[in-house]
Amino acid sequence: MDKLIIIDGNSIANRAFYALPLLSNSSGLHTNAVFGFTTMLLKLIEEEKPTHFLVAFDAGKVTFRHKEYTEYKGGRAKTPPELSEQFPLIKELLKAFQIPQFELSGYEADDIIGTLTRIADEKGENVLLVSGDKDMLQLASDHVTVAITRKGISEVERYNPAEIQEKYGLSPKQIIDLKGLMGDTSDNIPGIPGVGEKTALKLLHEYGTVENVLDNAANLKGKMKEKVEEHAQSARMSKELATIFREVPMETEWSSFGYGGYDGQALASMFRKLEFKSLLEKMDLGASVEPSEPVQPLDVQIVTEDGIDALLETLGDSVPMHVEIVGENPHHSEIVGLSFYNEEHAKSLYVPFALLQSDAGAPLRAWLEDAAKKKQLLDQHRAELALAWQGVRLRGVDFDVQLAAYLLDPTDSDLTLSGLAGKYGLPGIKADEEVFGKGAKFRLPDEAALSEHLCRKAYTIARAVPVLRVELEKGEMHRLFYELELPLAGVLAEMELRGIKMDAADLKVFGEELAKQLDAIMVRIYELAGMEFNINSPKQLGEVLFEKLGLPAWKKTKTGYSTDAEVLEKLAPYNEVVGQILNYRQLAKLQSTYVEGLLKEVRPETGKVHTYYRQTIAATGRLSSQYPNLQNIPIRLEEGRKIRKVFVPSEPGWYILAADYSQIELRVLAHISQDEKLKEAFLQNMDIHTKTAMDVFGVPESQVDSNMRRQAKAVNFGIVYGISEYGLSQNLDITRKEAGAFIEQYFAVFQGVRKYMDDIVKDARRDGYVTTMLQRRRYLPEITASNFNLRSFAERTAMNTPIQGTAADIIKLAMVQMAERLKSENLRSRMLLQVHDELVFEVPQEELETMKTLVPEVMASALKLDVPLRADVDYGLTWYDAK
DNA sequence: GGATTCACG
DNA sequence: ACGTACGTGAATCCT
C-alpha cells in the first residue's frame, strides 16, 4: 500500500528555527532551520519508509483570506532574516533529497495540504501529515494521520480521529469550531475574547459547533452569555478563517509524488557546504565526496620485526604519519601504534606500538628522533608528549594539520580528522567514536580494522596538508604558523615534560587545616540555619536562605534562586549565616580544587605536576591549561594565595622567578588604536588607572582618590572587554546612566580608542572576521545577526579579540625567543609556566642576576609596538614569594 | 551531561 | 525594547 508523507514546509522550518540555537557555518550562513529540517526528513525516511513524499510551502504574501479579512496574520512578527535566508537552502536540500516541492500563488501551504489530503481520502491512500500547527488536526481522517511536533522538533505526536476524540473530546472537524471560539493570536484570528481552550472545549462538548453555541447563547449564563452574544459575528468569521480550503484547483498526478530515495552525492555536497559534519559521518556520506577526491582503498601493510628496514626505506625524508594515543591526558596515556603513508608508492604502513618499543624497533625510534626526517602530523604536541613518556623524543615535525586548522578557524570545536575531512572537502574517514566506541564501550577493534583506520588517518593527513597550507597562505597566516605556533608546540612540550615541583607534604598540612576550619564553619552554619543540609547544593542552600530564613531573593537562575557570591554579599547584613556560607565556599573551593585536585595530579615518583597546555582551544589565541589547570592558581585573596607556597624549585638552591607584563592589553590597545592620550600615558610610564581617572574626572593627580582610581580601572577593563553601559554598571554597582556618563567622558578624552572601537566593528561586518597584529583570525558570523543579543556579543568580541589575541601573540613570541635564548646562552634555568601575561622559571642561584635582566628584556622586545612593553620580575623560594 | 559556582588573566 | 561585560577549567550537584 502507498504511503504519502506531506510536510508543512513553512511550519516545520519555523519550528526548527526557534527550537535550535542559531547555528552557522564558517562563511556566516545560518543553518539551524535547515539542520532541524534535515534531521526531521532523515527520521521520517528511516522510520516511515514512504512511497510518496511532498513538501508544501506558502507562496506569495496575499491569499484569499486577506481579501476576506485584511487583518489576517497581521501583528505577526516579521520573519527574521536569519530564517528567510534559510528557505532557499531548504529548497536546495529538498532537491538533494529528491523530494517534490509544491507551492501555488495565492494559497497557503494549508490549503494545498487540505486539498491533497482530501484527494488521498477519496482514493483511499494513507497519508502522514507533519506540521507544527495544531490547526492541521482538522484534516485527520481514517486515512490521514496528523503528526504535530512537540518540544523541539525531534519528537512528534500523532493523531488519528480516535486520538483527537480522546484528547479533546472532539471530531477533527470540530477543531475548526475550537479555533472559531478560541481564536489564534499568531494568525490574528480574534475568536471570542476571553474564551480560551478550556471554555471553548466546554461549550463544544455541550453544543458541538460554533453555530449551535451561538444559537443557544440565550441558555448561557452571566459573563459568558454577554461575551458570546457580543462577539457572535467574530466567532463566525474566525471559524471561516480557520477552515482549511480543500478545493484548490490543481493538476495532481499521484505518481508525481513518488519517492525513490535521496541523491547521496548531492546530499553529501550539500552537507559539506552547510558543514553538517555529524550528519555526514552518521550517514556515512563522508565517503561519497567530490569527484576529484574519490575514496581510495588503501594498501595496508602491518609491519613486523623483519620489516623495519624496508619500512625506513619507504618512509624516506618526509612523510605524513599518525600516532594513535588512548586517553585525554597525554602525560599518562597509552600509545596503540603508528601509521604512515607513502605517497609515491601509495603504500600504507602500520606499526604496533609493541614493535616500536622492542629491540627491533630501535632504528624506527632513531628515525622518529631524527630532526632531518620530516613528519606531518595531526597534533604533534600530544604525540610528542605521549612518545616522550615512553622514551622516544619526536623531532622534525614540519606540519601539523590540527594546529593549522585551529589557526584557520580558532572557534572550530571539532579538530579531529573526520571533522576536518568534512570541512575541507577531503576524502571521508570514520570518526574515532565509530571505530572505537566511546566511554565505557571503548574497545580497540581487531588489528585489521585498527590498522585500516589508523592508516586512513595518515592518508587523510597527506591529503589535508596541501589544502591547509594553501588556506594558511590565503589568510596570510603562514608566518604565524611556521614561525610561531609550530615552534611553540615544541617549547610547550618541553615545559610540560619538565613539570613543576610541588611540596605535597606541605599541601597536605594546609588541607588538614582547611578541613578543621570547614568543620567548624559547617557546624556554625547548621546552627544558624536551624537545620542540616548540603551547603554545596545551590538548590538546598537556596531553599534554606530564601524559604526557611526568608531572606530576599532578587536574582534567579534557570533552575531556581541564585546563590552566587554577588547575591550572598548583598545578603550578608541580614543574617550571620550568609557570611559564614561565603567563608565556607571560599575554603571549600581551596580544599576541593586546589588541595585535593592538585594532590591527585602530583607524580609520586618525582613530586611534580605536569600540566597540559592546549594550543587549539581558546578563540582568541590564548593557551589553556589542563590536568591540572595551572593558570588559575589563587592569588587575589591571601588565604588562597598561600597555595602558591607549595610550588617550589625542583633542585636545592634554586629559585622560582616570575615575570609579568605590565598592562599588556592596554598597551596593545594604545598601539592598535594609535590613541594619542593613551600612547602618551605609556610613553611617560604613568600608572594607567590613575591617569585614566585624572582624564575622566578632570582632576590633577593629587586629587585622584582610591575610589576614583578603582572606577577608572573598571572603565579600562570595560574598554578592553568591549564596553557596554550595562556591563560597567553591573561591575561598579552604579546605574546605567552613570555608567554611560563615564563611558562618554572616557571617549571624549580617548578619541582614538572610540574610533578604533567603531572601525573594528565596521571591519568585522565587512570582512566577517577580525585579526590580531600577527594576522591571527577569528570569524564573527553573528556580527550581522538581527537578534540584538547575538549581535552585541559579536560586536564586543570584535573589540576584544584583536586586543586579547595580540597580547597572546606577544607572549607566545616571548616564549619561543626565551627558549632559544636559554639554549643559545647555555643557561640551566628552565621555563616552567605561562599564565597569559606571566612566565614562571626555575633558576639556579648563579643565574639569578642574568635571568632578572634577560627575561624582562626578551618579553619587552618580543614585538615592537609604538609604546614600550614592560615586564616586571621577581623571584623567591616559592611561587608565592616571586610576586 | 547540563547547570551552577568560582578560580585565574 | 532588548539585557552581557572578554577568555578559560574544575568541582559539585542532580536530572
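Proteins come first, then strands; the chains are lettered A, B, ... in the order of their sequence lines, and each starts at number 1. From a predicted model like this one, the values you see are computed outputs, not experimental measurements. The basis for the numbers below is simple: all heavy atoms, side chains too, and nothing from hydrogens, waters or symmetry mates.
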If the threshold is 4.0 Å, N to carboxylate O, is there a salt bridge linking A:Asp767 and A:Arg777?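 Salt bridge between A:Asp767 and A:Arg777, a charged N being under 4.0 Å from a carboxylate O: no.
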Watson-Crick or G-U stems involving DNA chain C, each at least 3 pairs long, distances under 3.5 Å, ordered by first number: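 Ordered by first number, the stems with DNA chain C (at least 3 consecutive pairs each) read B:1-9 with C:6-14.
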Partners passing side chain to side chain donor-acceptor pair (under 3.5 Å) against A:Thr735 (at least two apart in sequence or in another chain):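 With neighbours one apart ignored, the set is A:Glu738.
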Quick one: list whatever passes side chain to side chain donor-acceptor pair (under 3.5 Å) with A:Lys539, sequence neighbours left out.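 Checked A:Lys539 against side chain to side chain donor-acceptor pair (under 3.5 Å); zero matches.
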Looking at every non-hydrogen atom in both residues, tell me the closest pair between A:Asp675 and A:Gly752 and how far apart they are.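 What the structure gives for the nearest pair is OD2-N, 2.7 Å.
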Can you name the ring pair (Phe, Tyr, Trp, His ring centres under 6.0 Å) partners of A:Tyr574, sequence neighbours left out?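 So A:Tyr574 forms no ring pair (Phe, Tyr, Trp, His ring centres under 6.0 Å) with any residue.
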Kindly write out the residues that satisfy ring pair (Phe, Tyr, Trp, His ring centres under 6.0 Å) with A:Tyr746, not counting sequence neighbours, or none if the list is empty.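 A:Tyr746: ring pair (Phe, Tyr, Trp, His ring centres under 6.0 Å) contacts with A:Phe750.
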Taking distance alone, no hydrogens or angles, what donor-acceptor pairs closer than 3.5 Å link side-chain atoms of residues 792-799 of chain A to residues at least two apart or in another chain?
residue	atom	partner	partner atom	Å
A:Ser792	OG	A:Phe788	O	2.7
A:Thr797	OG1	A:Phe793	O	2.7

Could you pull out all donor-acceptor pairs under 3.5 Å where a side-chain atom in residues 640-648 of chain A meets a protein atom, sequence neighbours excluded?
residue	atom	partner	partner atom	Å
A:Lys642	NZ	A:Glu639	OE2	3.3
A:Arg644	NE	A:Pro634	O	2.8
A:Arg644	NH2	A:Ile633	O	2.8

Between B:dA7 atom P and A:Glu638 atom CD, what is the distance in whole Å?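 To the nearest whole Å, that distance equals 15 Å.
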Quiz: residues 585-592 of chain A side-chain donor-acceptor pairs under 3.5 angstrom, not counting sequence neighbours:
residue	atom	partner	partner atom	Å
A:Arg585	NH1	A:Thr563	O	2.8
A:Arg585	NH2	A:Thr563	O	3.3
A:Arg585	NH2	A:Thr563	OG1	2.9
A:Gln591	NE2	A:Gly511	O	3.1
A:Ser592	OG	A:Ala588	O	3.1

Residue-level proximity of residues 797-812 of chain A to DNA chain C when a heavy atom falls under 4.0 Å: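 Contacts with DNA chain C under 4.0 Å: A:Thr797, A:Asn800, A:Gln804.
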Short of 4.0 Å, heavy atom to strand atom, which residues of residues 560-570 of chain A count as contacting DNA chain B?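 When residues 560-570 of chain A is checked for heavy atoms under 4.0 Å from DNA chain B, the hits, listed by number, are A:Ser562, A:Thr563, A:Asp564, A:Ala565.
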Report which part of the nucleic acid A:Lys589 touches: base, sugar-phosphate, or nothing (heavy-atom distance under 4.0 Å, all strands).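 Answer is base: heavy atoms of A:Lys589 come under 4.0 Å of a base.
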Between A:Arg585 and B:dC6, does any side-chain N or O lie under 4.0 Å from OP1 or OP2?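 For B:dC6, OP1/OP2 do have a side-chain N/O of A:Arg585 under 4.0 Å.
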Using a 4.0 Å cut-off to any heavy atom of chain A, which nucleotides of DNA chain C are the first and last in contact, reading 5' to 3'?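 The footprint of chain A covers C:dC2 to C:dT15.
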Write out all pairs satisfying salt bridge (Lys or Arg N to Asp or Glu O under 4.0 Å) with one or both partners inside residues 716-725 of chain A, taking only residues at least two apart or from two chains.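 For residues 716-725 of chain A, and leaving out neighbouring residues, the salt bridge (Lys or Arg N to Asp or Glu O under 4.0 Å) pairs sorted by first residue read A:Glu725-A:Arg736.
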